[in-house]
Number of protein chains: 2
Amino acid sequence: MAVRDEPVSRRERPAKPALSRRSILDAALTLIRERGVESVSLRHVAERVQTGPASLYAYFASRDVLLEHVLDDVYGTVELVDAGAGDRGWRDALAGTIVNTIDALGRYPGLGAVALGMIPTLPGALRLADHELGLMSLGGIPEAQAGLAIDLIAQFVAATATERTVRGAPLGAPERDAIRDAFRSADPERFPHLVRSVDALTRPTEQERRDFAIQVIIAGIAGAGGSVWAAGPASARA
Amino acid sequence: MAVRDEPVSRRERPAKPALSRRSILDAALTLIRERGVESVSLRHVAERVQTGPASLYAYFASRDVLLEHVLDDVYGTVELVDAGAGDRGWRDALAGTIVNTIDALGRYPGLGAVALGMIPTLPGALRLADHELGLMSLGGIPEAQAGLAIDLIAQFVAATATERTVRGAPLGAPERDAIRDAFRSADPERFPHLVRSVDALTRPTEQERRDFAIQVIIAGIAGAGGSVWAAGPASARA
DNA sequence: ATCGTTCGCGAACATTGTTCGTTACAAACG
DNA sequence: CGTTTGTAACGAACAATGTTCGCGAACGAT
């Protein structure tokens with residue numbers, strides 16, 4: 001049941017390269033890059049490292065644990081953007097780091113979904129959080145606020161990466177037209193604002209949406225100060 | 001291959017109540033409420049409506065399609081909050097609507113994940129979007145900005161609901177302590193800011209995080225005007 | 001009463017994650 | 001050098017999944 005950290009084979013020169021956490025991670029990574037997370041079955045991974053599915057359990061306790069480590073590996077490769085000079089330096093650096101994280105996840109279709117279902121405690125995620133905390137500290141964001149912002153940013157990144165890669169391609173023109181038609185043909189009596197705003201809803205590109213969201217989040221963090229509601233928002237339900 | 005909209009049974013009075021989209025949806029809904037989306041297999045749903053898995057394909061083309069309709073059904077039950085009087089009325093109404101949506105999804109563990117992998121075109125989602133557009137119009141938000149905001153809000157809601165319900169319970173005290181320990185025991189050389197902010201990162205409750213995020217988003221939408229970046233954010237990678 | 005249509009579904013298929021018990025090998029020991 | 005021992009590796013099996021196929025049976029029309 002114990003999971004090992006180092007090469008396991010006791011042969012000094014096994015016929016094939018010895019199994020290792022690293023080689024399994026690499027196999028999973030290329031598999032995801034080629035065919036997405038959904039196709040990462042233990043059998044496929046095992047095949048790539050020339051063994052059977054049962055052998056993987058010596059290195060990762062389950063498929064989920066394997067995916068967690070794959071994700072953290074990707075987090076670890078994200079290029080951190082440092083703050084330049086000037087007053088707004090930290091903002092651009094934060095935005096750049098966020099974009100880089102989204103891009104990194106985007107190269108591994110479906111990994112974003114893994115991130116959403118996981119509490120980040122592995123080094124790659126810590127590295128990202130630490131960098132972002134440093135940038136916000138530079139910008140004079142109060143510590144309590146920065147702590148909350150970290151969560152929001154991580155959630156946004158994971159959600160964006162997930163949305164973007166639900167199904168391989170980044171949403172082609174035909175689908176976009178189909179959606180536009182669905183909106184346009186909606187009942188104008190029931191959904192007046194929506195029908196009126198069909199263009200505003202369907203024209204923006206993926207990038208525009210992303211940049212708008214990043215701008216909103218950073219502006220919200222920097223701007224509105226620590227004034228969290230005294231009472232929670234109006235909620236009709238118990 | 002055609003999927004029907006109305007009851008399919010040709011008997012006028014079949015021995016059991018006739019299969020229908022509605023009854024299948026209800027079965028799936030209670031199943032999700034009790035045991036989460038992951039346990040919604042076609043076999044379990046079929047069992048609840050006293051039939052076999054193959055029969056469901058007459059009403060929904062696949063499991064994913066079924067889940068899409070289940071999700072939209074839940075969207076349709078969300079209590080919309082109208083804007084009260086005053087200048088900030090629309091903000092509170094928008095916040096309240098968002099909270100209600102999160103709560104509604106929260107009652108169906110795992111449904112948020114479905115929302116993230118889907119482009120909303122069914123009536124329940126349209127109803128929500130239309131209401132939110134109306135509120136923002138009331139607040140004088142430019143149409144283009146409101147269109148982008150709709151996306152961000154939908155994404156945030158789905159991601160929050162997903163995070164909150166990865167694993168049944170809403171994150172108990174022992175897990176929280178484990179996370180705090182993981183942060184505290186991180187290398188202070190590599191992650192100085194993180195170690196310093198351990199409290200800010202681990203103390204806030206789920207509700208505080210949610211309210212902070214909503215405040216940031218609404219403030220960002222209302223505040224920063226239409227000044228989207230001229231050029232995209234600094235990105236180091238191609 | 002018979003026919004043809006088609007709804008409903010039992011059975012099967014290919015995959016999945018995971019577990020169990022055996023095999024085979026390298027080091028430790030006599 | 002022969003025996004023992006711990007354990008990495010793995011083949012086989014299990015239960016569960018989404019989906020498809022094709023048959024039987026019940027219906028409306030004739």
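Reminder, nothing fancy here: chain letters follow the sequence lines and each chain counts from 1.
Phosphate contact (OP1/OP2 of C:dC7, side-chain N/O of B:Y59, threshold under 4.0 Å): absent. Within the structure, every side-chain polar atom (N or O) of A:S55 is placed at least 4.0 Å from both OP1 and OP2 of D:dA9.
Checked against side-chain contact (heavy atoms from CB on, under 4.5 Å), A:D187 has the following partners two or more places apart in sequence or in another chain: A:E189, A:R190. Partners of B:R22 according to the side-chain contact (heavy atoms from CB on, under 4.5 Å) rule, which considers only residues two or more places apart in sequence or in another chain, are B:S20, B:L25, B:D26, B:L29, B:D73. By the side-chain contact (heavy atoms from CB on, under 4.5 Å) test, B:A113 pairs with B:T162, sequence neighbours left out. Taking A:T121 as the reference, A:I119, B:A182 meet the side-chain contact (heavy atoms from CB on, under 4.5 Å) condition, with sequence neighbours excluded.
As a whole-Å value, the separation of B:E47 CD from C:dC9 P is 14 Å. The nearest whole Å value for the distance from the CD1 atom in A:I24 to the C1' atom in D:dA9 is 11 Å.
Residue pairs meeting the salt bridge (charged side-chain N to carboxylate O under 4.0 Å, His left out) criterion with at least one partner in residues 126-136 of chain B, sequence neighbours excluded, are absent.
The CZ atom of A:R184 sits 6.0 Å away from the CG atom of A:D199 when rounded to the nearest 0.5 Å.
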Sequence-aligned protein contact record of nucleotides 12-19 of chain D, with B where the base is within under 4.0 Å of a protein heavy atom and S where only the sugar-phosphate is
-B---BBB
